Amino acid sequence: MGILIDQNSCNGCGFPESETPCNMACPGDLIFMQSNGKAEICCNADCWDCCACIKICPQQAIELQLPFEITGKEGSLKARAYREKTVWTARDANGNEEIFETPARNESSLKNLINPEEFSDVVDSYKGISKSFTDLGQGI
Amino acid sequence: MSFSTDKIKIERIKTDFLIIGAGAAGCFAAYEARKLNPDIDIVILEKAHIDRSGCLAAGINAINAYINAGQSPESFLEYVKKDSMDLIREDLVYSIAKEVNHAVDLLEEWGLPIPKDENGERYARGRGSIIVQGERIKPIIAQAVKSTKAKVLNRVVVTNLIKKGNKILGAYGFGVRDGKFYIVEAKATLVATGGAGGIYKPNNEGNARHKIWYSPFNTGAGYAIGIRAGAEMTTFEMRYVSMRIKDLMAPTGAVAQGVKAQQVNALGERYLEDRYGDLGGRQMPTSARLLATLQENAEGRGPCYLDTTHLTKEQAERLKAYYLHMTPGLTLYWSVKSTSPKNDPPEIVGTEPYIVGGHAQAGYWIDINRKATLENLYAAGDVAGGAPKKYVSGSGVEGMIAARDINSKLGSLNHEEINDHEIKEEMHRVFNHMNKESISILPDELELRMQKIMDDYAGGISSGYVLNEQKLSKARKYIKHLKEDSKYLYGNNLHELMKCHEVIDRLDVATVLIEHLSYRKETRWPIYQSRGDYPNRDDKNWLKFVNSVYDNKSGEVKIVERECKPVSLLATK
Ligand SMILES: Cc1cc2nc3c(=O)[nH]c(=O)nc-3n(C[C@H](O)[C@H](O)[C@H](O)COP(=O)(O)OP(=O)(O)OC[C@H]3O[C@@H](n4cnc5c(N)ncnc54)[C@H](O)[C@@H]3O)c2cc1C
Ligand code: SF4
Ligand code: SF4
C-alpha cells in the first residue's frame, strides 16, 4: 500500500468549486475526486511514498502505510505542513506514537515578490518557531 | 467507445523561452532568465504540479555537489573524473563545479534551511556535500519561480518536440486534467524533465513496486522526445545503480557520510578494507563499493549493513528524524518496528539500473552552453549527458547556464510556421490510445513485460547487472516486438493515457540503451556497465564517448564515436 485516505475525515475541500490540495500535490497524478466529493487514490501500487498529499491535507485525512510485503506489520505516518515546520506522527501497530518536527523554511529574500496567498504548500501559517532538530548538523 | 480527435480542444501558445519540466534545472533556468531579462516571455510545461514534482517531491537532506572548505572546482573535477573512470566531459563538469556554491546560496536566500556550526559554516557531509533540511525544498524553489511571473502550466505532459529541418520550434503535450492538446511555439526550448526510472524490474514487487529510489514519475520523456527528434545522445551505457537501504530504497549518504557508518558484512567484518583493498579500500569509486557488497553476498557473507550501532541513542533518533526530509517511509519503517538505527542498522542492497545524467552521465550531447545538437534546443539537469554527480545544485547550475545563452541569442531567434499536417499527426499519435481496439494492452502490462526483458537480458538485478552480446541481442529483439505491440496500448482515461505515453517513452529509451550497451566492448564502469564477454577496462580503444542518433522513420540507432578531451586544467594549474 501507499496511502490511506480516511473517507470519514475527508471533507472534499470545496470540490468541485476548487482544486483540492491532495489532488494538486501528487507528483504522480494518483489522487482523484469521487462523485461523492471525497478524495481517493487510483492505484496504491503506484504511490512513491513522497507524503506530499499527507502534509497538505487540512483534515489530516491521509496517512502513509507501508506495504505488508515490506514490514509485515501495521503502522502509519501522518503529517501537517506549517509554514515554518512540519509536524509528523508515526504510529506502530500497538498505537504507540512518536512525534517529530522538521524545520521547513526560513524567510525568503523574495518574499516581497510573492503573494502570501501563494504559499500553497502550507496548511495554515504556524506562529511558533521550531526548536527541535535545528541542531541537526551536530553529530550527523 | 470510439474516440475522435475532433473533439479535442487545442491550446496554442507562443513564447520566447519554453522550459519542459519544472524541476531543479527548469526552475533555476526560469529564475536566471528573468533576472537577466525583465521582458523575456517564459512558459513552463510541467506534468505534475510545480510545488511537488520530480525528484524533489519528498524533499532532500543534503546538497551533494558542493565545494567545501579545502576543496576547489579543480579538486571536484578531479574527483568526478576518477570516480567515473576518466571518461567525462571535463568542460561540463568544471563549469558546474565553479557555480554549485552560488546555486546553494540562492537556495538559502529563497528560504531553504541549511544548518550551520558555531562559526557559521555549513556542515560538510563528506568532501563534496553539505547537510540541508530540505523537506520543503520543492515548494521553496517553486516560489522563486512564481516570483518571476513565468507562465507555469501544471499537469501538461509533453509528448514530442516540434521539429522543422534541424530546428526545434517548441513542443506538443496534453493536459492530463483538462484533456486539451497543447502546442507551444518557442524561440528556444530547454528540456529539463529529469532521468528515467522504471526501465528495469525494480527491487520490490506487487504493491511495493514503486518503492524505488528514483522518481517513478520521471519516465524518460525528455530523452524520448530528443531521441525521436534525432538529437545526439551520449553514454546511455553508463547506467546508474545505487547502493540503497533495503526495502525503502532510501539514499545512504546520511548514514555513510553523515554519521560515518562503515560497511560491514553479516560477520561484522569491515569488508571494504579487509578484502577489497585493491579496489581502493574506503576510497574506492562509488560503484566499486556496491560491487564489493554484491561479492560479499555471493560468497555467503551477507547481508551487509551500514553499521550504525555505535551511535548514541540521541544520534540514532536524530538520524531517524533526518530521513523525514527525504524518505519519510524509512522513518516509519523504524517506528513501525519500534526500533531505531541503533539496534536495527540499515541493510544495503543495489537498486535496479536507472538512466540518469545527474548521477551517471546518460543524456543529451550538449556544448558548454548546454545547447543540444539540434538548433534552438537545450538540455539541463538529469536529462543532460556527460557530467556525472551534478545532483540538485549542479542541475540548477546547468539550467542557469542554458538560460544565459538563450537570453543572449534571443534577438536572433524567431518563431516559424508549423505544418498543420504534423499537428494532426501528433494529435492522433497522442490520443489514439483512448480508442479501444480489438486487441488492447494496458500500460501496466506492457511496463511489466519491458521491465522483465530488461532485467533478464540487459543486465538487471537478477543477472547481477552483467551483460553479454547474446543476451543483449535477445533484449534488442524483444524490445522491438514490444514497440510494435505498443500501438495496442489502451488508456480509458487521461491518467491512463499518460501511462501509455510513459511506457512508449521508456521503450524508446530502452531501444537506445541496448545499442549503447552493445557497442562498448569493454567494462569501464563495473556494475553500471559490466560486460561478461569483455571484462576488462580498455583505455587504448575505449577512452571515448559512445553517442547515438536515432532515425524515427527507420527505427535505426546510428552510433557515433566522440573524442574525450581533457580541459587540461589540472595539468596547467
Ligand atoms: C530520492 C532522491 C533523493 C535525492 N537526494 C538528493 C540529495 O540529498 N542531494 C542532492 O543534491 N541531490 C539529490 N537527488 C538528486 C536530485 O534530486 C536530482 O539530481 C535533481 O532534482 C535533478 O533535477 P532535474 O531538474 O533534472 O529533474 P527533476 O528535479 O526531477 O525535475 C524534472 C521535472 O520534469 C517533469 N517532467 C517529467 N516528464 C515530463 C513531461 N513529459 N512533461 C512535462 N514535465 C515533465 C517532472 O514532473 C519534474 O518536475 C535525489 C534524487 C532522488 C530521486
Ligand atoms: S486534502 Fe484532505 S480533506 Fe481535502 S480533499 Fe484531499 S483528502 Fe479530502
Ligand atoms: S504519497 Fe506522494 S505519490 Fe503517494 S499519493 Fe501521496 S502525493 Fe501521491
Side-chain angles (χ1 to χ4, degrees), chain A residues 1-2 24-30 32 42 44-52 64 66-71 73-77 79 81 86 88 90-94 96 98 100-110 113-115 118-122 133-140, chain B residues 47-49 51-54 57-58 108-113 115-117 123 125 131 133 135-136 139-140 142-144 146-147 155 176 204-212 215-217 247-248 254 258-259 312 315 318-319 321-322 324-325 327-329 331-333 335-338 495 498:
Chain A
M1 318 232 344
M24 184 202 81
C26 179
D29 187 43
L30 304 178
F32 69 102
C42 66
N44 242 323
D46 282 351
C47 173
W48 190 38
D49 293 357
C50 75
C51 294
L64 182 69
L66 292 174
F68 187 78
E69 292 97 303
I70 282 188
T71 53
K73 280 187 183 165
E74 281 174 20
S76 68
L77 183 67
T86 305
W88 309 75
R91 199 148 46 83
D92 70 14
N94 304 321
N96 299 320
E98 265 190 291
F100 304 94
E101 287 184 11
T102 49
R105 60 148 60 73
N106 297 326
E107 195 145 329
S108 168
S109 60
L110 305 170
L113 295 169
I114 306 165
N115 177 351
E118 284 185 34
F119 280 82
S120 48
D121 60 299
V122 172
F133 298 113
T134 41
D135 60 343
L136 200 65
Q138 290 146 22
I140 282 195
Chain B
K47 82 187 261 193
H49 187 286
D51 268 7
R52 286 287 184 187
S53 63
E108 190 171 35
E109 275 176 36
W110 298 341
L112 180 71
K116 305 229 172 65
D117 65 15
Y123 284 101
R125 199 182 83 178
I131 287 176
Q133 293 165 319
E135 180 267 305
R136 215 62 75 80
I140 289 170
Q143 243 130 38
K146 287 173 192 172
S147 79
R155 303 288 172 193
V176 70
N204 296 308
E205 290 170 87
N207 278 336
R209 69 178 183 206
H210 270 188
K211 277 167 204 15
I212 65 177
S215 166
F217 314 124
D247 294 338
L248 274 297
V259 297
T312 64
Q315 277 178 319
R318 272 213 294 262
L319 183 61
Y322 189 38
L324 291 168
H325 285 286
T327 323
T331 310
L332 176 59
Y333 181 75
S335 283
V336 163
K337 300 201 287 175
S338 310
H495 178 75
M498 174 174 83

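Keep in mind it's a predicted model, so treat the numbers as computed, not measured. Just so we're on the same page: letters track the sequence lines, and every chain starts at 1.
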Novice: side-chain contact (heavy atoms from CB on, under 4.5 Å) for Arg52(B) and Cys50(A)? Distances and angles first, verdict last.
Specialist: CA-CA 9 Å; Arg52(B) 286 287 184 187; Cys50(A) 75; over 6 Å; no

Novice: Which atom pair, heavy atoms only, marks the closest approach of Cys47(A) to Lys211(B)?
Specialist: O-NZ, 4.3 Å

Novice: For Ser335(B) and Arg91(A), does a side-chain donor sit closer than 3.5 Å to a side-chain acceptor?
Specialist: no

Novice: State, with a plain yes or no, whether a side-chain heavy atom of Asn44(A) is found less than 4.5 Å away from one of Asn207(B).
Specialist: no

Novice: Can you give me the closest heavy-atom contact between Leu64(A) and Gly329(B), atom names plus distance?
Specialist: CD2-CA, 3.9 Å

Novice: For the pair Ile70(A) and Asn204(B), evaluate side-chain contact (heavy atoms from CB on, under 4.5 Å) and give the outcome as yes or no after the intermediate values.
Specialist: CA-CA 9 Å; Ile70(A) 282 188; Asn204(B) 296 308; 4.1 Å; yes

Novice: Would you say Leu66(A) and Leu248(B) make side-chain contact, with heavy atoms under 4.5 Å?
Specialist: yes

Novice: As an exercise, state the distance from NE2 of His49(B) to CE of Met24(A), rounded to the nearest 0.5 Å.
Specialist: 4.5 Å

Novice: Taking every heavy-atom pair that is under 4.5 Å apart, which of Gly111(B), Ala58(B), Gly54(B) has the most such pairs with chain A?
Specialist: Gly111(B)

Novice: Please examine the side chains of Asp49(A) and Pro328(B), heavy atoms only from C-beta on, and report whether any two atoms are closer than 4.5 Å.
Specialist: no

Novice: Heavy-atom pairs under 4.5 Å with chain A are the metric here; pick the option from Ser215(B), Ala142(B), Ser338(B), Ala48(B) that has the most.
Specialist: Ser215(B)

Novice: Between atom CD1 of Ile140(B) and atom CG of Leu110(A), what is the distance when rounded to the nearest 0.5 Å?
Specialist: 11.0 Å

Novice: With only heavy atoms counted, which part of Thr331(B) is less than 4.5 Å from chain A, the side chain, the backbone, both or neither?
Specialist: side chain

Novice: Answer yes or no: is there a side-chain heavy-atom contact under 4.5 Å between Thr102(A) and Gln133(B)?
Specialist: no

Novice: Which pair of heavy atoms, one from Gly75(A) and one from Leu332(B), lies closest together, and at what distance?
Specialist: C-CD1, 4.2 Å

Novice: Is Arg209(B) salt-bridged to Asp46(A), cutoff N-O under 4.0 Å?
Specialist: yes

Novice: Considering only heavy atoms, which portion of Trp48(A) lies under 4.5 Å from any heavy atom of chain B: side chain, backbone, both, or neither?
Specialist: both

Novice: Is a donor on one side and an acceptor on the other found under 3.5 Å between the side chain of Ser109(A) and the backbone of Glu109(B)?
Specialist: yes

Novice: Relative to chain B, which segment of Glu98(A) carries a heavy atom at a distance below 4.5 Å: side chain, backbone, both, or neither?
Specialist: side chain

Novice: Do other residues, nucleotides or ligands put more than 12 heavy atoms under 6.0 Å from the CD atom of Glu205(B)?
Specialist: no

Novice: Test side-chain contact (heavy atoms from CB on, under 4.5 Å) on Phe217(B) and Leu30(A); report intermediate values, then the result.
Specialist: CA-CA 11 Å; Phe217(B) 314 124; Leu30(A) 304 178; 4.2 Å; yes

Novice: Does Trp88(A) form a side-chain contact (heavy atoms from CB on, under 4.5 Å) with Glu135(B)? I'd like the steps, not just the answer.
Specialist: CA-CA 12 Å; Trp88(A) 309 75; Glu135(B) 180 267 305; 4.1 Å; yes

Novice: If we define contacts as heavy-atom pairs under 4.5 Å, which of Asp247(B), Leu324(B), Val176(B), Thr312(B) has the most with chain A?
Specialist: Leu324(B)

Novice: Do Pro103(A) and His325(B) have side-chain heavy atoms sitting under 4.5 Å apart?
Specialist: yes

Novice: Taking side chain as everything from C-beta outward and backbone as N, CA, C, O, which of these in Leu112(B) sits under 4.5 Å from a heavy atom of chain A? Side chain, backbone, both or neither.
Specialist: backbone

